[in-house]
Amino acid sequence: MSSRDADAQAVKKIFFDHISTTPLDPRVLEAMIPYLTEWYGNPSSHIHEQGQAALRAVDRARGEVAALVGAKASEIVFTSGATESNNLAVLGALEASGKRHVVVSEVEHFSVMNALIPLRNAGAEVTLLPVDRNGLVDPGDVRKALRRETGLLSVMQANSEIGSIQPVEEIGRIARELGVTFHVDAASSAGHIPCDTGAIHADLLTLSSHNFYGPKGTGALFIRDGAKVASRSFGGFQEMGYRAGTENVAGIVGMGKACELLGQRMEEDNRRIFALREGLREGIAERIKYLLYTGHPEKRLPNIASFCFRCIEGEGILLSLDAYDICASSGSACTSGSLDPSHCLMAMGLPHAI
């Protein structure tokens with residue numbers, strides 16, 4: 001194959017799975033490279049120049065991440081990604097509260113849902129909030145579920161499968177009014193829609209770098225000043241004592257740079273992606289029968305189009321698309337090896353066959 005043919009083939013490939021991961025922005029890579037080569041110091045070794053440079057880089061990135069979500073730099077704790085952030089939020093907050101009741105929505109990511117297993121095994125009570133046909137939680141159900149012994153409420157800002165945006169502002173006000181710690185998983189929404197921790201009254205908020213053109217293996221947990229979270233890792237006193245272990249300096253620098261870039265381009269990107277999404281949705285609806293468009297028709301992320309096709313298995317569709325160099329997904333990346341139907345779609349009341 002000639003280089004021209006190879007280039008033409010590469011251009012034809014279409015990646016429709018950006019919710020599972022995004023490509024690394026070249027400007028993010030450029031910012032990371034010095035901390036993979038020249039400045040390789042440990043931020044905890046700040047008695048010498050290498051360590052000081054690493055510490056300054058981490059502190060700068062902490063401020064860049066904080067700016068994206070309307071927080072203070074001191075409220076950002078870097079982690080290995082959304083899974084660790086969600087685990088720390090759910091397990092750490094409930095332990096610190098000294099209470100035994102947690103409330104979560106039925107459509108949370110598995111890094112939240114599976115963190116409930118050890119809690120149940122230890123005797124904690126879990127209340128699952130139902131969702132409607134569009135995958136949305138009713139704030140009235142939240143108010144009914146919260147009680148004196150509730151140590152944590154966790155509701156994602158937007159769903160990574162269907163794109164529906166939850167009424168987290170109203171839910172957050174209820175949690176604040178009743179004095180319950182409120183965790184928001186924003187791994188799929190931050191960088192795509194405004195995510196201000198003050199506006200949504202979040203005490204804890206999860207971020208994932210590789211979902212907005214940053215590097216994999218880097219995430220963050222916003223912990224509001226005064227919120228109580230018990231550490232889930234044991235070792236040194238990095239990350240203000242919340243997360244032991246030497247920081248991934250290059251990854252953190254990359255996440256900070258990605259957040260800085262988002263502040264400059266998010267609105268423009270959203271307009272372009274929204275138009276592409278609507279063109280895709282309308283084009284598929286015109287050509288294919290037995291189609292069900294899932295998620296809220298308006299209150300949804302601009303970058304997610306979600307469909308159910310009757311009379312054919314999702315995996316069959318994906319294999320056919322891949323043969324045409326189109327990469328797509330039939331659910332969240334963490335469940336790609338499972339044959340079970342989406343717990344999100346089942347919670348919305350869709351029949352198993354669909």
Side-chain angles (χ1 to χ4, degrees), residues 14-22 105-110 129-139 141 155-168 185-195 211-212 266 269-336 338-354:
I14 300 174
F15 189 71
F16 268 136
D17 200 17
H18 281 74
I19 199 64
S20 71
T21 194
T22 54
S105 85
E106 287 189 316
V107 295
E108 296 303 301
H109 189 269
F110 277 112
L129 296 167
V131 295
D132 65 17
R133 189 76 173 187
N134 292 317
L136 296 183
V137 170
D138 182 343
D141 289 337
V155 179
M156 57 174 46
Q157 185 178 25
N159 190 274
S160 63
E161 290 186 49
I162 59 171
S164 295
I165 299 173
Q166 299 288 356
V168 286
D185 179 0
S188 299
S189 55
H192 302 289
I193 58 174
C195 184
N211 288 104
F212 47 72
M266 184 166 64
D269 278 359
N270 281 348
R271 284 193 295 269
R272 177 177 60 85
I273 293 171
F274 175 82
L276 290 171
R277 187 197 78 193
E278 289 303 285
L280 174 69
R281 184 182 69 83
E282 292 167 6
I284 290 177
E286 288 173 1
R287 291 164 173 82
I288 300 177
K289 295 180 179 180
Y290 311 116
L291 176 71
L292 177 65
Y293 190 48
T294 57
H296 197 283
E298 297 169 355
K299 299 174 183 177
R300 62 184 303 119
L301 293 174
N303 58 313
I304 291 185
S306 174
F307 309 89
C308 285
F309 301 93
R310 293 177 173 88
C311 310
I312 184 171
E313 291 183 353
E315 294 302 317
I317 295 175
L318 297 184
L319 290 171
S320 297
L321 288 174
D322 190 56
Y324 285 93
D325 291 325
I326 298 173
C327 304
S329 171
S330 62
S332 63
C334 66
T335 60
S336 61
S338 172
L339 296 178
D340 293 333
S342 161
H343 77 290
C344 174
L345 298 183
M346 295 289 285
M348 290 161 54
L350 293 183
H352 188 289
I354 293 179

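Worth saying up front: this structure is predicted, and the values here are computed from it rather than measured.
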Between Ser306 and Glu161, does a side chain to side chain donor-acceptor pair (under 3.5 Å) hold up when you go through it step by step? CA-CA 7 Å; Ser306 174; Glu161 290 186 49; over 6 Å; no
Interatomic spacing from CG in Leu280 to CZ in Phe16 - rounded to 0.5 Å: 5.0 Å
If you measure from CG on Leu350 to SG on Cys308, what distance do you get to the nearest 0.5 Å? 5.5 Å
Verify the neighbour count for atom CD of Glu298: are there more than 12 heavy atoms of other residues, nucleotides or ligands below 6.0 Å? no
Heavy atoms only: give me the nearest His343-Glu108 pair and the separation to one decimal. NE2-O, 2.9 Å
Side chain proximity check, Phe307 to Ile288, heavy atoms < 4.5 angstrom: no
Minimal non-hydrogen separation, Gln166 against Val137, with atom names: OE1-N, 2.8 Å
Between atom CZ of Arg281 and atom CD of Glu286, what is the distance when rounded to the nearest 0.5 Å? 10.0 Å
What distance separates Ser329 OG from Asp17 CG, expressed to the nearest 0.5 Å? 4.5 Å
Minimal heavy-atom distance between Ile304 and Arg277, with the atoms involved, is O-CD, 3.2 Å
Do side-chain atoms of Ser164 reach the backbone of Asn134 as a donor and acceptor pair under 3.5 angstrom? yes
Between the main-chain N or O of Val107 and the side-chain N or O of Asn159, is there a donor-acceptor pair closer than 3.5 Å? yes
Report yes if some heavy atom in the side chain of Arg310 is under 4.5 Å from a heavy atom in the side chain of Leu292; otherwise report no. yes
Roughly how far, to the nearest 0.5 Å, is the CG atom of Asp322 from the SG atom of Cys327? 6.0 Å
Using modelled atom types and a 3.5 Å cut-off, is there a donor and acceptor pairing between side-chain atoms of His192 and backbone atoms of Asn211? yes
List the atom of Leu291, the atom of Ala285, and the distance in Å for their closest heavy-atom pair. CD2-CA, 3.6 Å
Sidechain-backbone polar pair: Ser320 side chain, Gly316 backbone, donor-acceptor under 3.5 Å: yes
Evaluate the side-chain proximity of Pro167 to Val155: yes if any heavy-atom separation is below 4.5 Å, no if none is. no
Restricting to non-hydrogen atoms, name the atom on Val131 and the atom on Ala347 that form the minimum distance, rounded to 0.1 Å. CG2-O, 3.6 Å
Do Ile317 and Ile312 have side chains that approach each other closer than 4.5 Å (heavy atoms only, starting at C-beta)? yes
4.5 Å side-chain heavy-atom contact, Met348 and Ile162: yes
Look only at the side chain of Asp132 and the backbone of Gly135, and say whether a donor-acceptor pair between them is shorter than 3.5 Å. yes
Drop me the distance from Asp138's CG to Ser105's OG, to the nearest 0.5 angstrom. 13.0 Å
What are the two closest non-hydrogen atoms of Asn303 and Ile273, and how far apart are they? CA-CG2, 3.6 Å
Ignoring hydrogens and geometry, is there a side-chain-to-backbone donor-acceptor pair from Gln157 to Pro194 under 3.5 Å? yes
Heavy-atom side-chain proximity of Leu301 to Ser189 below 4.5 angstrom: yes
